[in-house]
Amino acid sequence: MKNVVILGAGYGGLTALKGLKKVIKEGKVKVTLVNKNSYHYDTVNLHELSAGNIKREDICIEIKDILAETVNFVQDEVIKIDTDKKIVYTKQQELDYDLLVVGLGFETQTFGIEGMLENALPITDVNAAEKIFYRLESNFKKYAESEEKDIKDISVVVGGTGLAGIEFLAELVETRKELCNKYGIDEKLVKIYGLDAAPVLLPMFDKAYSDYARKFLEDRGIEIILGAGIKGATSDRFVVEIDGERRELLASTLVWTAGVKGSRIMDATFPELSKNGRLVTTQQLTVPGLEDIYIVGDCAAFIEEGQERPYPTTAQIACQMGTYTAKHIVNRLEGNSTPNFKYINRGVVCSLGSKDAIASAMGLKYKGFLAAKTKKAIEAKAINECTNIKTAIRNQRIF
Ligand SMILES: Cc1cc2nc3c(=O)[nH]c(=O)nc-3n(C[C@H](O)[C@H](O)[C@H](O)COP(=O)(O)OP(=O)(O)OC[C@H]3O[C@@H](n4cnc5c(N)ncnc54)[C@H](O)[C@@H]3O)c2cc1C
């Protein structure tokens, strides 16, 4: 019986596991899932948790609740993979594998910007997200209780206005209202900035739609500054350069969403193949020269034949990679070949709070409440792909 080890219970890892359900039941493979937490979390909702608009339990799913009894679950942190000996080392255990699926997700990337790692909070996992809301709330509380009334305490600067940055900024509209009500602060005093070095906002959408997102934020008092090269961060400011001029944006809550890279385990395991935690896979999602190792999700850089650049890392592609990998493994067990991985891009939706969004999906472009509902449906679909329909409906609150 083949021994399959899956690393990471994110979108990539769990869809791979789900795709192996039948062969696990038939006793054709023994599967071990390794994850550092006892739960899966929906990364695509972390901006809502960071803003305090949902709770941890809304986006966390206990792994034991979705796992078949026949799957061995190891709750531990992967620290090393020895590809010669075919052993995964966790903090507590050594796990042999015949086939390995690596889906260890992403980490923050600060491009060496001085002080960024130490002073700005990233949106990377549930603990990091909760830390952001905790920082926000304690700063608002401090402002309300202090005599000096330092405006920095009710100011927020977000570095990065990509999808995650814009979605987080839009969530802050609701957060600002809640915190100002709670602590008796005039909402008009709160300053919120979104900065980006890029000259264009949300380039994956047509301009009319990215303009809509920008207007949504600006109408609600959130300032978007593009072409702002972030040069450094200290505990209470971002130092930026705009049109050659240095400017400082002061805030006690600094958030960084401008860069992610794949897991550090990737560069350590594949020093010659992996860069920034991502490895260019074969067309069948395996490691070049190591056909027993599959890479899925944010650790994979998949460049389709005939193209030059990898697809962006998303939950959407992570799910498709996990499903493909499971099929590949099943075919392999049965001695069959598998056609190359083909990514089907179903589009993108950027939420603007819970009731608005912009969408470019299934060949259609639209915005507003319908787009917001589309986002929830996509999130539910991703959870279903990882777990089951019951969990998807419960977690996405779509009804
Ligand atoms: C705020 C935000 C909004 C986003 N919105 C969207 C969106 O709308 N649509 C979209 O398609 N994508 C979106 N993304 C991107 C998407 O979330 C990622 O591309 C996706 O989560 C990648 O899936 P994955 O399976 O590779 O990794 P993850 O989902 O990150 O899962 C990795 C798993 O591995 C575990 N792990 C990590 N390291 C170790 C270790 N050393 N040992 C053991 N376990 C470990 C983690 O705990 C985690 O459970 C968003 C991302 C963010 C941050």
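In what follows, every heavy atom counts, from backbone to side chain, and hydrogens, waters and symmetry copies are set aside. For ligands, and for the atoms within them, numbers begin at 1 and follow the listed sequence. If you read the sequence from its start, that first residue is 1, and numbering goes on from there.
Within 4.0 Å of ligand 1, protein heavy atoms belong to Gly8, Ala9, Gly10, Tyr11, Gly12, Asn35, Lys36, Asn37, Tyr41, Thr43, Val44, His47, Asp76, Glu77, Val78, Gly103, Leu104, Gly105, Phe106, Ile123, Ala164, Glu167, Gly297, Asp298, Thr313, Thr314, Ala315, Gln316, Ala318, Lys375, listed by chain and number.
Side-chain contact, Asn139 with Ser252: no donor N or O sits under 3.5 Å from an acceptor N or O. Ser274 and Asp267 share a donor-acceptor pair across their side chains, judged by distance under 3.5 Å alone.
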Practice task
Tell me, with the steps shown, if Arg332 and Asp292 meet salt bridge (Lys or Arg N to Asp or Glu O under 4.0 Å).
Solution key: CA-CA 11 Å; Arg332 198 170 167 155; Asp292 294 339; 2.5 Å; yes
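Checked against the 6.0 Å centroid threshold, Phe302 and Phe341 count as a close aromatic pair.
Of the listed residues (Gln283, Glu304, Gln284), just one forms a side chain to side chain donor-acceptor pair (under 3.5 Å) with Asn340, and that residue is Gln284.
Using modelled atom types, one side-chain atom of Thr257 and one backbone atom of Gly159 make a donor-acceptor pair closer than 3.5 Å.
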